[in-house]
Amino acid sequence: MANILVLAEVSNGKVKTVTHEILSHISNHQVSVLAINDLSEECLADLAQHGGGNITVLKNDSLSEYSPEGFSSAIHNFINSNSFDYVFSGATSLGKDLFPRLAATFEAGLASDVVDFKFDGDKFVGTRPMFAGKCLADVELKGPKPHFATFRPNSLGVSEISPGTVEKSEQNAEISAEVRAKIAEIVKGASEKLDLTEANIIVSGGRAMGNAENFKVLDELADVLGATVGASRAAVDSGYAPHSMQVGQTGKTVAPTLYIACGISGAIQHLAGMRTSKVIVAINNDKDAPIFSKADYGIVGDLFKVVPLLTDEFKKVLNK
Amino acid sequence: MNIFVCVKQVPDTETKVSPNSDKSFIETSSIKWIMNPYDEFAVEQALQVKQANAGSTVTVLRVGSTQSSETLRTAMAMGADDGVLVQAPDLLDPYTTAKALKAAIEKTGRSPDMIFCGKQAIDSDALQVPQILAQMLDMPSVSVVVGFEQSGDSVKLKREIDGGSLEVYETKTPCLVACNKGLNTPRYASLPGIMKAKKKPLETLTLEELNISLEEQRVQFSNFRLPPEKPEGKKFDAMDEGAQPEVVTNVVNLLKTEAKVL
């Protein structure tokens, strides 16, 4: 049994799904949860429900906004006053920025973007995609402990476990590093939807979209499904969509339950970024497009005719 | 200003990857190597900072195998002044890579004012080296940067987070910036630039010279394998407008009853 610390992440007042995913896969270990600055009663109960009942909240006014130096110093000092074998987090925007620096404060190893793992006794063995998912490799950690790992959202899945009790303590965070890079302002993106990397359903458009305006067709489908809209590199490079929407090897690697590719031919670098989607639907008027080789359901046809029909059909089926 | 850029050489994005015979890495014999796409934005930003700050130098660093030194020459053809190659296996863990970069920077004897990296390399996709290097050098760092403004020793950086939102950071030099697509438009190397680059200094170092041992690696990869192939899916012809409603109803029904994702 390993002693594991999980960094809980809260977004819009809710515990992130990736935190649930991690917690539900380590219930046979000794698990502690760390939250930064604040945790609502609702989130506390929710964490306990998923096996993360032993919670410490680190408090400090200067932690109200994220800073790489402030967060890593505060968490470093907390870890130092305990004895964890492993420290886990989601491979989210925050986790991906913070964990390398945090691990480096211990000169310790970090396995990033792990999609599956097992414990061989106390030894962690992870699986992670390499070359944007064109292949997989096993990853093991060596050297001083604790060892660190981040997990790709939507990869582990949430398993059912028996909920535990809540034991919450609050601590004043000790920040011993100078915080030199600080957030002055946050500019909200146009979309309130889940980021592509955490989305459960993605509707994506390719070069065949023709222009930025035409993405409206995909927005309408996405609204019905509660999906996030993505784009291929061809669409981004043609100026139809911003890079933050790009799926693929030079964009975001995604793992939704349902991926609907519209007018995307399926370049190798795009397939690499979305092939771990559980179910793939492709719509393309070229019956030989490579995307069909990865699609569970392929529709050979004009996306501008097919997508609106899909939107209407989903509305009916989902009673919207 | 002493400006450093860290670059990596990676397989071209169109590369089909296959594991090597003992599964310890991928087959590299027929790979076309390119500069990591995100590093192009780092080189470009470094050159823009050099142009805005008279008397600056841009040194480009790479840790990796010597199969081709094209990537460093490309950066020098774009305008970097000199290059350092640290010879190492292509599959080196992020901790050791950062350690080698730190040692190589220190060996130049120039104290860095700004370090630029790509936010991630598209081969191992670890997103670790920039932040580890910054911590090792005791520098602030901002990653996934899509906006850069410098005024004297003050730097304002826009970092892209979830859903395209931006965190706007303020910091001071020395600092490390990990660049994302959208930050700038990388220049092409000009023909005179390419000719000049051939004569620019390129120093080659080994890990031993930097007192770094492969035994120090913190992450060990093994068992490289291709992901499982999906069974062939179902394909429906809806080229004919009359067939479309039926096909769409059918697919939505399959998503509900067969794939069970609705």
Side-chain angles (χ1 to χ4, degrees), chain A residues 68-69 93 96-97 100-101 104-105 108-113 130-143 180-191 193 195 242-244 249-250 257-258 268-269 279 281 292 294-301 305-306 309-310 313-314 317, chain B residues 13-14 16-17 19 26 37 95 122-128 131-132 135-136 140-143 160-172 175 181-182 218-227 230 233-239 241 244-245 247-249 251-252 254 256 259 261-262:
Chain A
E69 293 160 294
S93 282
K96 285 194 274 201
D97 187 61
R101 189 177 264 273
T105 64
L110 161 65
S112 38
D113 235 356
M130 302 285 277
F131 303 92
K134 289 176 186 171
C135 67
L136 300 170
D138 288 346
V139 52
E140 290 173 62
L141 295 160
K142 302 187 297 182
R180 294 161 294 190
K182 286 189 185 128
I183 295 181
E185 186 192 352
I186 293 179
V187 184
K188 279 272 166 216
S191 169
K193 290 180 178 159
D195 193 64
H243 178 248
S244 59
Q249 195 172 8
T250 50
T257 306
L258 175 60
I268 291 178
Q269 63 84 22
V279 175
V281 175
F292 287 124
K294 295 286 176 281
D296 300 276
Y297 304 106
I299 302 177
V300 184
K305 296 272 167 47
V306 172
L309 289 172
L310 271 175
E313 189 65 24
F314 280 124
V317 172
Chain B
T13 52
E14 291 304 311
K16 280 193 177 157
V17 165
I26 56 162
Y95 172 83
I122 61 159
D123 51 359
S124 46
D125 290 316
L127 286 99
Q128 293 191 27
Q131 294 94 309
I132 297 174
Q135 176 65 30
M136 284 176 172
S141 63
V142 178
S143 66
E160 190 180 297
I161 53 167
D162 297 344
S165 294
L166 299 172
E167 291 173 344
V168 185
Y169 284 80
E170 285 175 355
T171 190
K172 291 199 182 306
C175 63
K181 186 173 176 177
R218 304 298 198 239
V219 182
Q220 171 116 45
F221 292 105
S222 61
N223 192 20
F224 279 76
R225 58 201 186 269
L226 294 176
K230 280 191 159 189
K234 294 176 178 158
K235 199 150 114 185
F236 304 91
D237 184 355
M239 287 307 280
E241 210 159 315
Q244 286 165 356
V247 166
V248 164
T249 307
V251 168
V252 171
L254 286 167
K256 195 174 175 183
V261 290
L262 292 184

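So you know, we letter chains A, B, ... as the sequences are listed, proteins then strands, and number each from 1.
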* Asked: Within the side chain of A:Glu313, is there an N or O that forms a donor-acceptor pair under 3.5 Å with the backbone of B:Thr249?
  -> no

* To do: Determine the option with the most heavy-atom pairs under 4.5 angstrom with chain B, choosing from A:Val281, A:Leu110, A:Leu310.
  => A:Leu110

* Tell me, side chain or backbone of A:Ala184 under 4.5 Å from chain B's heavy atoms, or both, or neither? -> both

* For B:Lys235, look at atom NZ and say whether over 12 heavy atoms of other residues, nucleotides or ligands are found less than 6.0 Å away. => yes

* **Heavy-atom proximity to chain A below 4.5 Å, by part of B:Met239** => both

* Structure fact -> Heaviest contributor of heavy-atom pairs below 4.5 Å to chain A, chosen from B:Ser143, B:Gly233, B:Ser222, B:Gly164, is B:Ser222

* Asked: Taking side chain as C-beta onward, heavy atoms only, is B:Tyr169 less than 4.5 Å from A:Pro68?
  -> yes

* Asked: What part of B:Tyr95 gets closer than 4.5 Å to chain A, counting heavy atoms only: side chain, backbone, both or neither?
  -> side chain

* Structure fact -> So, the part of A:Phe292 with a heavy atom under 4.5 Å from chain B: the answer is side chain

* Drop me the distance from A:Asp195's CG to B:Ser165's OG, to the nearest 0.5 angstrom. => 9.0 Å

* Asked: Given that the side chain runs from C-beta out, which part of B:Lys181 has a heavy atom under 4.5 Å from chain A: side chain, backbone, both or neither?
  -> both

* To do: Could you check which of B:Asn223, B:Thr13, B:Thr171 has the highest count of heavy-atom pairs closer than 4.5 Å to chain A?
  => B:Thr13

* Can you tell which part of B:Pro227 gets under 4.5 Å to a heavy atom of chain A, answering side chain, backbone, both or neither? => both

* Taking C-beta and beyond as the side chain, do B:Ile161 and B:Leu166 meet within less than 4.5 Å on heavy atoms? -> no

* From B:Ser141 OG over to B:Ile132 CD1, what is the distance, rounded to the nearest 0.5 angstrom? -> 10.5 Å

* To do: Could you check which of A:Ala132, A:Gly143, A:Ala111, A:Pro242 has the highest count of heavy-atom pairs closer than 4.5 Å to chain B?
  => A:Ala132

* Asked: Just wondering, are more than 12 heavy atoms of other shown residues or ligands nearer than 6.0 Å to NZ in A:Lys182?
  -> no

* For chain B, find which of A:Lys134, A:Lys96, A:Lys188 contributes the most heavy-atom pairs closer than 4.5 angstrom. => A:Lys134

* Asked: Pick from B:Val252, B:Leu262, B:Leu226: which one has the most heavy-atom pairs with chain A under 4.5 Å?
  -> B:Val252

* Do you know which of A:Leu136, A:Ile186, A:Val187, A:Thr105 has the most heavy-atom pairs under 4.5 Å to chain B? -> A:Leu136

* Asked: Within a strict 4.5 Å, meaning less than it, do heavy atoms of the B:Phe236 and B:Leu254 side chains meet?
  -> yes

* **side chain to side chain donor-acceptor pair (under 3.5 Å) against A:Asp296, all qualifying residues, sequence neighbours excluded** => B:Lys230

* To do: Select one option (side chain, backbone, both, neither) describing which atoms of B:Val251 are under 4.5 Å from chain A's heavy atoms.
  => side chain

* Asked: Picking from B:Val247, B:Val168, B:Val261, B:Val248, which has the most non-hydrogen pairs under 4.5 angstrom with chain A?
  -> B:Val168

* Structure fact -> Most contact-rich option vs chain A, by heavy-atom pairs under 4.5 angstrom, among B:Arg225, B:Gln220, B:Glu14, is B:Arg225

* **CE on A:Met130 to CG on B:Asp123, rounded to 0.5 Å** => 7.0 Å

* Asked: Under a 4.5 Å heavy-atom cut-off, does chain B meet the side chain of A:Glu185, its backbone, both or neither?
  -> both

* Asked: Would you say B:Pro37 and B:Ile122 make side-chain contact, with heavy atoms under 4.5 Å?
  -> yes

* **Residue selection (most heavy-atom pairs with chain B, distance under 4.5 Å) from A:Gly109, A:Cys135, A:Gly133** => A:Cys135

* Structure fact -> Okay, A:Leu258 and chain B: the region with an atom under 4.5 Å from a heavy atom over there is side chain

* So how far is it from A:Thr250 OG1 to A:Gln269 CD, rounded to the nearest 0.5 Å? -> 5.0 Å

